[in-house]
Amino acid sequence: MLRSIESSFGFLAIQLRRRLPIFASTAACSLLILTSVALGRPQTEALVEDISGTSYLPTVQAELQAATSSIVVAMFEMRVPQDAAAENPSLVLVNELIAAHARGVDVDVILNLRSRFDPESTDPVRDHANGLAAGMLTYKGVDVSYFPQTYHMHSKLVVIDGKTVVVGSHNWTYSALAKNIESSSLIRSPEHAQEKLANIAKLKTVSAAVKLPPDVEQIISVPLGFLLSPDLAPFMTTQNDERAFDAYLLLHRYSDEKEGDAVLSVDMQRLASDLAIDSSKGGSYSRKIATRPLRKLADHYRLIDLEIPRGKNAQVTFLNNALGSAAGVIHLPLAYWTYDLATELKQAEKMAYLICLNEETQALTPPLWMKNQSDLTKKYS
């Protein structure tokens with residue numbers, strides 16, 4: 001009986017659209033209400049906008065930009081190419097999620113996982129299709145999870161501020177957003193939005209975030225000018241002035257430990273040990289050798305003001321004139337020292353590591369970054 005009613009309504013709607021196009025939307029809306037009544041479903045009022053085809057991207061982008069409290073995305077495929085240009089449509093939408101999170105909007109993303117999931121594994125969960133988008137989002141602090149079942153989470157759903165629903169056939173891929181014939185709608189209905197959110201809440205997911213050890217999470221800030229000024233880190237690297245390079249980074253580590261005291265008191269025996277200076281010849285010898293890079297930082301590179309009272313801690317004040325006009329910092333993890341990179345890497349490798357840390361923060365698709373060698377040579381002297 002119900003199937004007959006639905007079939008009759010469907011046939012009537014088609015005939016109305018063919019013969020009376022002016023009244024098609026009204027007729028279709030009425031038929032939807034009648035069908036809901038016949039099936040005993042709850043009725044809700046909604047404003048519906050067709051955003052099929054290429055209308056989807058600008059509409060959803062504007063809605064994400066206007067979000068004030070929450071964004072929930074459940075997406076079968078959110079594919080960002082490794083070589084994506086800034087205008088790539090999927091990258092545009094992923095960056096809007098990151099921007100919304102940055103301004104305080106609660107952003108939650110659920111992605112389908114097509115890669116094999118092993119609950120016993122300690123390796124990070126990653127999907128070959130959605131992995132880069134997930135990495136970008138988690139890198140910026142967005143809550144991302146995967147649906148890891150053997151069947152697919154095939155949704156293409158966005159719920160904004162608990163009252164606006166975007167649903168249809170659009171995946172967040174270049175093909176779907178720019179080439180395919182896709183059909184989607186924007187529905188303004190708090191009741192419908194809550195129904196969709198309730199369905200999403202039932203999904204059993206696993207986090208896409210990688211749990212980092214404390215010494216990887218702890219960041220030491222080093223002035224960006226040290227890396228970009230030709231007479232500083234680049235010069236130290238080409239001249240193999242490794243001790244001065246290492247000492248400057250260590251001073252910032254010590255400063256971070258003392259929460260940025262205006263004048264930094266430096267234990268010279270600790271500095272000698274951290275610089276891997278041979279201590280077998282006695283404390284006076286190691287102190288003397290550790291003093292040399294500090295004097296170089298003060299007298300040659302003009303990076304610090306230095307006082308070394310006899311037999312006492314060195315007193316260091318950071319100077320900024322030699323750093324140039326470059327604003328910002330390099331985020332150097334404490335693990336640079338606790339994983340022994342500071343002593344195990346060669347000088348050129350240390351410079352390359354700092355470059356990697358800087359470039360990933362400015363990339364279109366962080367933490368992945370790409371740049372040709374000539375541009376790197378020009379930028380980092």
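Quick caveat, the model's predicted, so the values are computed rather than measured.
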Of all heavy-atom pairs between Val80 and Met136, which one has the smallest distance, and what is that distance?
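Looking at all heavy atoms of both residues, the closest pair is CG1-SD, 4.2 Å.
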Return the minimal non-hydrogen interatomic distance between Tyr301 and Ala322, and the atom names on each side.
O-CB, 3.3 Å
Output, in order, the C-alpha distance, side-chain angles, deciding distance and verdict of side chain to side chain donor-acceptor pair (under 3.5 Å) for Ser374 and Asn372.
CA-CA 6 Å; Ser374 61; Asn372 66 50; 2.8 Å; yes
Strictly distance-based, threshold 3.5 Å: is any side-chain N or O of [X] a donor or acceptor partner for the main-chain N or O of [Y]?
| X | Y | result |
| --- | --- | --- |
| Ser90 | Arg79 | yes |
| Ser207 | Ala209 | yes |
| Asn180 | Glu182 | no |

Does [X] pair with [Y] as a salt bridge, N-O distance under 4.0 Å?
| X | Y | answer |
| --- | --- | --- |
| Glu77 | Lys156 | no |
| Arg270 | Glu257 | yes |
| Glu63 | Arg188 | yes |

Looking at His252 versus Phe318, is the centre-to-centre ring distance below 6.0 Å?
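Yes, the ring of His252 comes within the 6.0 Å limit of the ring of Phe318, centre to centre.
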In the single-linkage hydrophobic clustering (I, L, V, M, F, W, Y; side-chain heavy atoms under 4.5 Å), do Val109 and Phe147 co-cluster?
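No, no single cluster joins them.
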Taking OH in Tyr380 as the centre, count heavy atoms belonging to other residues, nucleotides or ligands within less than 6.0 Å. Is the count above 12?
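Count over threshold, so yes.
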